[in-house]
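Proteins come first, then strands; the chains are lettered A, B, ... in the order of their sequence lines, and each starts at number 1.
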There are 2 protein chains.
Amino acid sequence: MKHNSNVPAFLTKLWTLVEDTDTNEFICWSQEGNSFLVLDEQRFAKEILPKFFKHNNMASFIRQLNMYGFRKVMHIDTGIVKQERDGPVEFQHPYFRQGQDDLLENIKRKVSNARPEDNKIRQEDLTKILASVQSVHSKQENIDARLATLKRSSGRTYMKRHNQMTGIVYRNISVFQRTTISWFLFLFLNRPILMNGNGKKPKFIHQIYDDKVCVEQVSKEWLLFTLCFSKVLFLSAALNKLEV
Amino acid sequence: MKHNSNVPAFLTKLWTLVEDTDTNEFICWSQEGNSFLVLDEQRFAKEILPKFFKHNNMASFIRQLNMYGFRKVMHIDTGIVKQERDGPVEFQHPYFRQGQDDLLENIKRKVSNARPEDNKIRQEDLTKILASVQSVHSKQENIDARLATLKRSSGRTYMKRHNQMTGIVYRNISVFQRTTISWFLFLFLNRPILMNGNGKKPKFIHQIYDDKVCVEQVSKEWLLFTLCFSKVLFLSAALNKLEV
DNA sequence: GGTTCTAGAACC
DNA sequence: GGTTCTAGAACC
């Protein structure tokens, strides 16, 4: 029987123990050879265990078995678990098989460090998660504040610009309107009446109040002027409406 | 021996078992009466335990002891832990004392729910935290998206308005400017030359060139007027377009 | 890695 | 609440 040097002592001892025909009245392979049986637990513990291990406690032996992944084989009779009192105890491991000692190296001891590490990792993770949550939380508050600020600022900027623009429009339209109207009125009132048709010298508006020929002509001009001027007024009104 | 009804069966049975002088060769009080000893573990398990409990396993008995807070008494000799092989096993509990069965009610079974509860609470907390993190995460993405949208939207709205305003200003200024200039030119060109200085009747500009120009002059007037009027129409059209 | 005491978890 | 199997943890 050649054992790989990296196979733990417990496994080689157990293999020897089960394989040894001298101890078959206490511990032996099952019929299928895929598990082993402890026939007399008490005598096995007190008489056999000390020969191979540093104790004579069945509990310690079982602890080792569990540590290496062995499982107790439950005997189910008539649908319910029926563990006959003082009957044989059976343990099994996928890589613990009769005649296949080369599988033993696949049996790994459960690292006792792993579990505490897991717990520590979980604690660390919890701490990290909590820190992360707080970080995200404060960040979110920051973003929220920025959002509110931006909203207000945006509103202000918009309104500011809006008012600027509106003011410019009002002022400019108003100025040009008045300018236009002023000039128009001024020049119109001082223009000569051209369309008297008979080639006579033109007259000024004040000169033709009594000239019946020209009255019609002046009315036409006034009509056009009023039309156009009202158009301008309408336009300005429309602009005012638009701004509001 | 009067026991409080809320004292678990295990404790009353254990008390009886230890107190009973008939079983003293297997289990008895220690000399100080503050602990008890199991003298022959194997025979005790197989012969005594079944009489009181539903098993004959020392391991189950010990499990119960630990469940109720009993501790194994370690025998320290010469500075090192020296557990004599097959010697008596000793267990102790502060409220398990010879002659003081009234203390038994102070012995509490470790609630098997307590530990799992702790674990469950931790698990629940973990779940809650994870849910919270995901919630915060998605919320943050939402806020981020809104922030980006707002930024773009704000830019667009501002530019749109800006362009509107600018357009209005430019167009109106332009229109009124041209209108003004047009009317001004029109009327200026048709104003009578009043200032010829010699007291003669004033002349019109066309009379300086040609007297026949009267018809042409009418055309010019109409042209200018149409130009100006179309300008006004264009402006109103532009405004209508803006409204849409 | 081995041994021991105690605890967890599932099932009853 | 009791019993059983398995695992954790400390110590060696």
By a strict heavy-atom criterion of less than 4.0 Å, which residues belonging to residues 49-57 of chain A are in contact with DNA chain C? F53(A), K54(A), H55(A), N57(A)
Got a sec? Which of residues 39-47 of chain A come in under 4.0 Å of DNA chain D, heavy atoms? none
Mind calculating the distance between CE (M58(B)) and C1' (dC5(C)) to the nearest angstrom? 13 Å
Could you pull out all residues at least two apart from [X] that satisfy ring-ring contact (aromatic ring centres under 6.0 Å, His included)?
X      : answer
F52(B) : none
F44(A) : F61(A)
F91(A) : none

Going by salt bridge (Lys or Arg N to Asp or Glu O under 4.0 Å), name the residues that satisfy it together with E47(A), two or more places apart in sequence or in a different chain. R43(A)
Salt bridge (Lys or Arg N to Asp or Glu O under 4.0 Å) against K13(B), all qualifying residues, sequence neighbours excluded: none
Extract all donor-acceptor atom pairs below 3.5 Å that involve side chains of residues 28-38 of chain B and protein atoms in other chains or at least two apart in sequence.
from   : atom 1 : to     : atom 2 : distance (Å)
W29(B) : NE1    : E19(B) : OE1    : 2.5
S30(B) : OG     : G33(B) : N      : 3.4
S30(B) : OG     : N34(B) : OD1    : 3.4
S30(B) : OG     : S35(B) : N      : 3.4
S30(B) : OG     : S35(B) : O      : 3.2
S30(B) : OG     : S35(B) : OG     : 2.9
S35(B) : OG     : E90(B) : OE2    : 2.6

Parallel, tilted or perpendicular: which fits the ring planes of Y95(B) and H93(B), with parallel below 30° and perpendicular above 60°? tilted
Considering every strand and a 4.0 Å limit on heavy-atom distances, what is the contact class for R71(A): base, sugar-phosphate, or nothing? sugar-phosphate
Hey, can you pull the donor-acceptor pairs under 3.5 Å for the side chains in residues 64-71 of chain B, sequence neighbours left out?
from   : atom 1 : to     : atom 2 : distance (Å)
N66(B) : ND2    : I62(B) : O      : 3.3

